[in-house]
Number of protein chains: 2
Amino acid sequence: MKILVVDDDPDILEILSYNLKAEGYKIFTAENGIEAVKIAKKRQPHLVILDVMMPEMDGIEACEKIRETPGLESTIITFLTARGEDYSQVAGFDAGADDYITKPVKPKVLMSKVKALLRRFKTDAKQNNILSIGDITINQDEYKVINEGNEMTLPRKEFELLSLLTSEPNKVFKRDDILNTVWGSEVVVGGRTIDVHIRKLREKLGDDKFKTVKGVGYKFVYE
Amino acid sequence: MKILVVDDDPDILEILSYNLKAEGYKIFTAENGIEAVKIAKKRQPHLVILDVMMPEMDGIEACEKIRETPGLESTIITFLTARGEDYSQVAGFDAGADDYITKPVKPKVLMSKVKALLRRFKTDAKQNNILSIGDITINQDEYKVINEGNEMTLPRKEFELLSLLTSEPNKVFKRDDILNTVWGSEVVVGGRTIDVHIRKLREKLGDDKFKTVKGVGYKFVYE
DNA sequence: TATATTCTTAACTTTAAGCTAATATTCAAA
DNA sequence: TTTGAATATTAGCTTAAAGTTAAGAATATA
């Protein structure tokens, strides 16, 4: 589970990150709204913890921007704000936030909130057959892929190949196995066919995401 | 739930929109009667909040026009008027309005009114098996469809195909699944039959609403 | 029964996914 | 460093899949 923490105060960033990492979450950080939107696009976090008062772009605007990004419509966003800034509570939910945390937070409280929010997400994602690995989100129902915020629909063979490779990130799939699963055991295709499809995927999703293991096959690289 | 707010005063528009959005409603706005009728046709709101005194076309006339539009006969319309303009109260109900709100309104009062009105609508819609997605409204009982204000009755097969596709917007339905649900598993029909029906739907409801995913199937595109 | 509407088919066209083949490039073993 | 087998890259071609049309079954309607 990936969490993006946004706050202009490095100390708070540090404290939150430390606690969340200890629970096994993958943490990204940003120090202002602009950065937050950029990283959210690239990293597709499951949860965003967003300070309201920030330089450059405040949390509310960032929240709206994130909500407009394809693939992030249902990302869980929770605001983080000093006690008493009461106007923002309304504005926050208006911008599409899901919850609200007041500073200072006790780690225990934070954890239980985060857990509760992510639990909700899990059931959502399952319902929609959505798989998220690294920067990529794959929607099996809609034959759609979101890569670093760019939505695209892949042709069938490419989609199936990507589905196979991402089903076990970092595992090397042998060329034979790929042929068997994506093409079926009866179909016979030339030796360069897989390469061509891999090339297309690299073109669309990024060269570095697919690694060739010479003499064996290919793998989808994750981290 | 979609709400259309109509007032010639941008400030009032702003205040109302802000408060309603905060409650999670989808808001459209218009600044006069003519615009209001046009947008109501296109967007098929569940509720219209309509100022009485407006340039171009007043609220009462707009109300009548909306009520005459197919698919909007049972849209909930509530007038908004300055306290004391008492003649209009009668004229308003005569024109087919459901309720009456006097300016200035306290947000809390507005909210509870809106909620109460929409609650009524919900039960109505459920009773009549009405489904609304984007510009399209589907009436299951009457095999009727309203597309951007144009009412039409679709032949059975077309209607069933549309019902299936809209049951999960954006999901790609495989050709096999479509055949199974719409035609049944025993019936065998030629390979081009589905295409022909899709073509008819595209003709009637708009090309872009149905997307082909080659080698897989079709989906109803929403947003 | 006559008539209109809906549904399916069949023949043909169009499209783009997928494949091939030819050439270039890489990489690891010798 | 060389070398050859494995992979990368391209563009063009092929073909399966979808689009289109009209005609005539099949149904429903008057």
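Throughout, protein chains are lettered first and strands after them, A, B, ... in sequence-line order, and every chain is numbered starting at 1. Scope of the values below: all heavy atoms of this structure, side chains included, with no hydrogens, waters or symmetry mates.
- Atoms NZ (K200(A)) and P (dT10(D)) sit 12 Å apart, rounded to a whole Å.
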Derivation of the side chain to side chain contact (heavy atoms under 4.5 Å, CB included) call for W183(B) and V188(B): CA-CA 8 Å; W183(B) 276 263; V188(B) 181; over 6 Å; no
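- Here T212(B) does not reach the OP1 or OP2 of dA17(D): none of its side-chain N or O atoms lies under 4.0 Å away.
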L47(A) vs Y25(A), side chain to side chain contact (heavy atoms under 4.5 Å, CB included): CA-CA, chis, key distance, verdict: CA-CA 10 Å; L47(A) 169 67; Y25(A) 298 113; over 6 Å; no
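- Between atom CG of residue D9(A) and atom CG of residue D51(A) there is a gap of 8.5 Å, rounded to the nearest 0.5 Å.
- Counting heavy atoms of neighbouring residues, nucleotides and ligands inside a 6.0 Å radius, atom NZ of K209(A) exceeds 12 of them.
- Within 4.0 Å of Y218(B), counting heavy atoms only, lie sugar-phosphate atoms of the nucleic acid but no base atom.
- Residue R202(A) contributes atom CZ, which lies 12 Å from atom P of dT10(D) at whole-angstrom precision.
- One interatomic measurement links the two molecules: NZ of K157(B) to C1' of dC7(C), which rounds to 8 Å at whole-angstrom precision.
- The backbone N or O of L154(B) sits nowhere less than 3.5 Å from a side-chain atom of E158(B) that would complete a donor-acceptor pair.
- dT10(D) atom C1' lies 17 Å from atom CD1 of I198(A), rounded to whole Å.
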Under the criterion side chain to side chain contact (heavy atoms under 4.5 Å, CB included), I'd like the reasoning laid out for I60(B) against V52(B): C-alpha separation, chi angles, the key distance, then a yes or no. CA-CA 6 Å; I60(B) 296 179; V52(B) 175; 4.2 Å; yes
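- As rounded to whole Å, 15 Å separates atom C1' of dT8(C) from atom CZ of R199(B).
- Regarding contacts with the backbone of dA17(C), every side-chain N or O of H197(A) stays at 4.0 angstrom or more from both OP1 and OP2.
- Following rounding to the nearest Å, R156(B) (CZ) and dT5(C) (C1') show an atom-to-atom distance of 13 Å.
- Rounded to 10 degrees, the angle separating the terminal axes of the helix from dT1(C)-dA30(D) to dA30(C)-dT1(D) is 40°, with each axis obtained from five end pairs.
- Across the protein-nucleic acid pair, I194(A) atom CD1 and dC19(C) atom P stand 10 Å apart, rounded to whole Å.
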List the steps and the verdict of side chain to side chain contact (heavy atoms under 4.5 Å, CB included) for I3(B) and I49(B). CA-CA 7 Å; I3(B) 302 178; I49(B) 299 174; 4.1 Å; yes
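- Positionally, the nearest nucleotide of DNA chain C for V189(B) lies more toward the 5' end than for the other of K214(B) and V189(B).
- Where G190(B) and G190(A) meet DNA chain C, the nucleotide closest to each residue was compared, and G190(B) sits on the side nearer the 5' end.
- To the nearest angstrom, P of dA8(D) lies 11 Å from NZ of K211(A).
- Using a 4.0 Å cut-off, no side-chain N or O of W183(A) falls inside it from OP1 or OP2 of dG18(C).
- At dT9(C), one or more side-chain N or O atoms of T193(B) fall inside 4.0 Å of OP1 or OP2 (strictly under the cut-off).
- Both E203(A) and R175(A) lie close to DNA chain D; mapped to their nearest nucleotides by heavy-atom distance, the more 5′-ward contact belongs to R175(A).
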